[in-house]
A.B. asks: 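The structure that follows is given in the form of structure tokens.
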Amino acid sequence: GRTNYRDWAIEQLDFYAANYQSWPLQTWNGKARMMGQSLDEASAIPSLVDAVRLLSPEVSVPHRKEWQDKLFTPIAQNLIDFNQGVNNIAVWHAAAIGLIALEFNDSSLLNTALNGDKGLNTLLNKGITKDYIWYEGAFSYNNYVVAAMVPLFKYASIKGKGALLNSPMLLAQNMLLSPAQFQFDNGYLPT
């Protein structure tokens, strides 16, 4: 029944929405305004979107729409504009765009996040090796890519749209299991 945390979270989202477009555009690694690089904004989206989900019953529809129009849509557009090919950062971007699309029920944006040229399915089809390891060549990158997708899988399930992500979920499962398949000739596993 304590409302101070709710009120603080609403104030934070209001502050971000009111100021996002006025902050300088950072372009040294993607496009970002709230943080120094696009990866940071993409990795913050799961918490921000979850806050919107939890706070939506507490705010008016126009208030929520303001968050969408002034904060989340501009962030999504910046993430869409990322043009550095297939890499783990692009997966974080696609997952963040998907989260925004799911929260604001934007089917066109969700299609971009999942099936566009830089969408999750495209990135996974190009970035996962036949051994189900992320191509950037380290198990830690493999895990990082899976970590990017988990909030999207969870959120899609909460929103009743988990079936849209069956293929990426199965690929992520294989990525999690794949390191256990690797061993040196003497039977030892890599670190």
Side-chain angles (χ1 to χ4, degrees), residues 1-23 26 30-82 88-116 119-121 123 143-169 172-173 176:
R2 293 175 60 188
T3 59
N4 55 321
Y5 297 113
R6 177 204 64 200
D7 295 346
W8 176 83
I10 290 170
E11 288 171 9
Q12 289 298 297
L13 286 169
D14 288 346
F15 175 79
Y16 297 147
N19 292 290
Y20 188 78
Q21 292 289 38
S22 65
W23 292 327
Q26 305 296 317
K31 289 183 174 180
R33 290 186 183 274
M34 188 181 340
M35 299 184 184
Q37 63 176 318
S38 58
L39 174 60
D40 293 333
E41 284 192 9
S43 62
I45 288 298
S47 296
L48 293 171
V49 165
D50 208 30
V52 170
R53 179 181 67 83
L54 294 168
L55 293 169
S56 286
E58 306 293 324
V59 299
S60 67
V61 171
H63 196 161
R64 181 182 148 82
K65 180 79 168 120
E66 190 170 307
W67 291 340
Q68 179 183 1
D69 293 344
K70 292 183 176 180
L71 178 63
F72 290 96
T73 297
I75 289 174
Q77 190 56 55
N78 283 340
L79 296 176
I80 288 168
D81 288 343
F82 182 75
N88 65 86
I89 296 171
V91 175
W92 279 93
H93 288 190
I97 295 163
L99 285 165
I100 292 168
L102 286 167
E103 179 52 40
F104 294 103
N105 201 26
D106 186 330
S107 57
S108 175
L109 187 61
L110 185 59
N111 187 56
T112 297
L114 300 181
N115 304 311
L120 187 62
N121 290 316
L123 294 167
N143 295 340
Y144 196 57
V145 167
V146 172
M149 295 186 283
V150 168
L152 180 62
F153 298 157
K154 209 166 54 171
Y155 216 75
S157 296
I158 289 169
K159 294 292 188 174
K161 298 194 178 194
L164 293 173
L165 292 156
N166 279 343
S167 179
M169 284 185 209
Q173 176 181 316
L176 285 172

A.B. asks: Just verifying a value: how many Å separate Y144 OH and M149 CE, rounded to the nearest 0.5 Å?
C.D. replies: 13.0 Å
A.B. asks: Just wondering, do L123 and V145 contact through their side chains at under 4.5 Å, heavy atoms?
C.D. replies: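 Contact flag for V145/L123 side chains = no.
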A.B. asks: Are any of the side-chain heavy atoms of S38 and N78 separated by less than 4.5 Å?
C.D. replies: no
A.B. asks: Which heavy-atom pair separates G98 from A113 by the least distance, and what is that distance?
C.D. replies: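 Nearest pair, atom of G98 first, then A113: N-CB, 3.4 Å.
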A.B. asks: Which pair of heavy atoms, one from Y20 and one from M34, lies closest together, and at what distance?
C.D. replies: CE1-N, 3.5 Å
A.B. asks: To check you understand the geometry: which heavy-atom pair defines the closest contact between L165 and A156, and what is its length?
C.D. replies: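 L165 and A156 have their closest heavy atoms at CD1-CB, 3.3 Å.
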A.B. asks: How long is the straight-line distance from CG of L164 back to CG of L120, given to the nearest 0.5 Å?
C.D. replies: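 Output value for this atom pair is 11.5 Å.
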A.B. asks: What closest approach, in Å, do A42 and L79 show between heavy atoms, and which atom pair accounts for it?
C.D. replies: CB-CD2, 4.1 Å
A.B. asks: Donor-acceptor pair, Y16 side chain versus L48 backbone, under 3.5 Å?
C.D. replies: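 Checking the backbone N and O of L48 against the side chain of Y16, no donor-acceptor pair under 3.5 Å is found.
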A.B. asks: Could you give the side-chain donor-acceptor pairs of residues 54-72 under 3.5 Å, partners two or more places apart or in another chain?
C.D. replies:
| residue | atom | partner | partner atom | Å |
| --- | --- | --- | --- | --- |
| S56 | OG | V52 | O | 2.7 |
| S56 | OG | R64 | NH1 | 2.7 |
| E58 | OE1 | R6 | NH1 | 3.2 |
| S60 | OG | H63 | N | 3.1 |
| H63 | NE2 | D14 | OD1 | 2.6 |
| H63 | NE2 | D14 | OD2 | 3.4 |
| R64 | NH1 | E103 | OE2 | 2.5 |
| R64 | NH2 | E103 | O | 2.6 |
| R64 | NH2 | E103 | OE2 | 3.1 |
| K65 | NZ | D69 | OD1 | 2.9 |
| K65 | NZ | D69 | OD2 | 3.4 |
| W67 | NE1 | D14 | OD1 | 2.7 |

A.B. asks: Looking only at heavy atoms, what is the nearest atom pair of A51 and L13, with distance?
C.D. replies: CB-CD1, 4.2 Å
A.B. asks: If the condition is ring pair (Phe, Tyr, Trp, His ring centres under 6.0 Å), which residues does F153 pass it with, not counting sequence neighbours?
C.D. replies: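 Listed in chain order: nothing, the list is empty.
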A.B. asks: Does any pair with a residue in residues 31-44 pass salt bridge (Lys or Arg N to Asp or Glu O under 4.0 Å), and if so which ones, sequence neighbours excluded?
C.D. replies: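 Found K31-D81.
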A.B. asks: Calculate, to the nearest 0.5 Å, the distance between atoms CG and CG belonging to L102 and L152 respectively.
C.D. replies: 6.0 Å
A.B. asks: Once you round to the nearest 0.5 Å, how far does CG of L99 lie from CG of L110?
C.D. replies: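 The CG atom of L110 is 10.0 Å from CG of L99, to the nearest 0.5 Å.
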A.B. asks: State, yes or no, whether a side-chain contact exists between I45 and W92 at a heavy-atom distance under 4.5 Å.
C.D. replies: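 Not in contact.
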A.B. asks: If the condition is side-chain hydrogen bond (donor to acceptor under 3.5 Å, both in side chains), which residues does Q37 pass it with, not counting sequence neighbours?
C.D. replies: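 N29.
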A.B. asks: For V146 and A172, which heavy atoms make the closest approach, and how far apart are they?
C.D. replies: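 Taking every non-hydrogen atom into account, CG2-O, 4.1 Å.
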A.B. asks: Within the distance-only criterion (no hydrogens, no angle test), does the side chain of N121 pair as donor or acceptor with the backbone N or O of L114 below 3.5 angstrom?
C.D. replies: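 Judged by distance alone, yes, a pair lies under 3.5 Å.
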A.B. asks: Using the test side-chain contact (heavy atoms from CB on, under 4.5 Å), find all partners of A76 that sit at least two apart in sequence or belong to another chain.
C.D. replies: I100, L109
A.B. asks: List for me each residue that meets side-chain hydrogen bond (donor to acceptor under 3.5 Å, both in side chains) alongside D106, sequence neighbours excluded, and say none if there are none.
C.D. replies: none
A.B. asks: Would you give the length of the straight line joining atom CG of N4 to atom CD of E11, rounded to the nearest 0.5 angstrom?
C.D. replies: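 Reported to 0.5 Å precision, the distance equals 10.5 Å.
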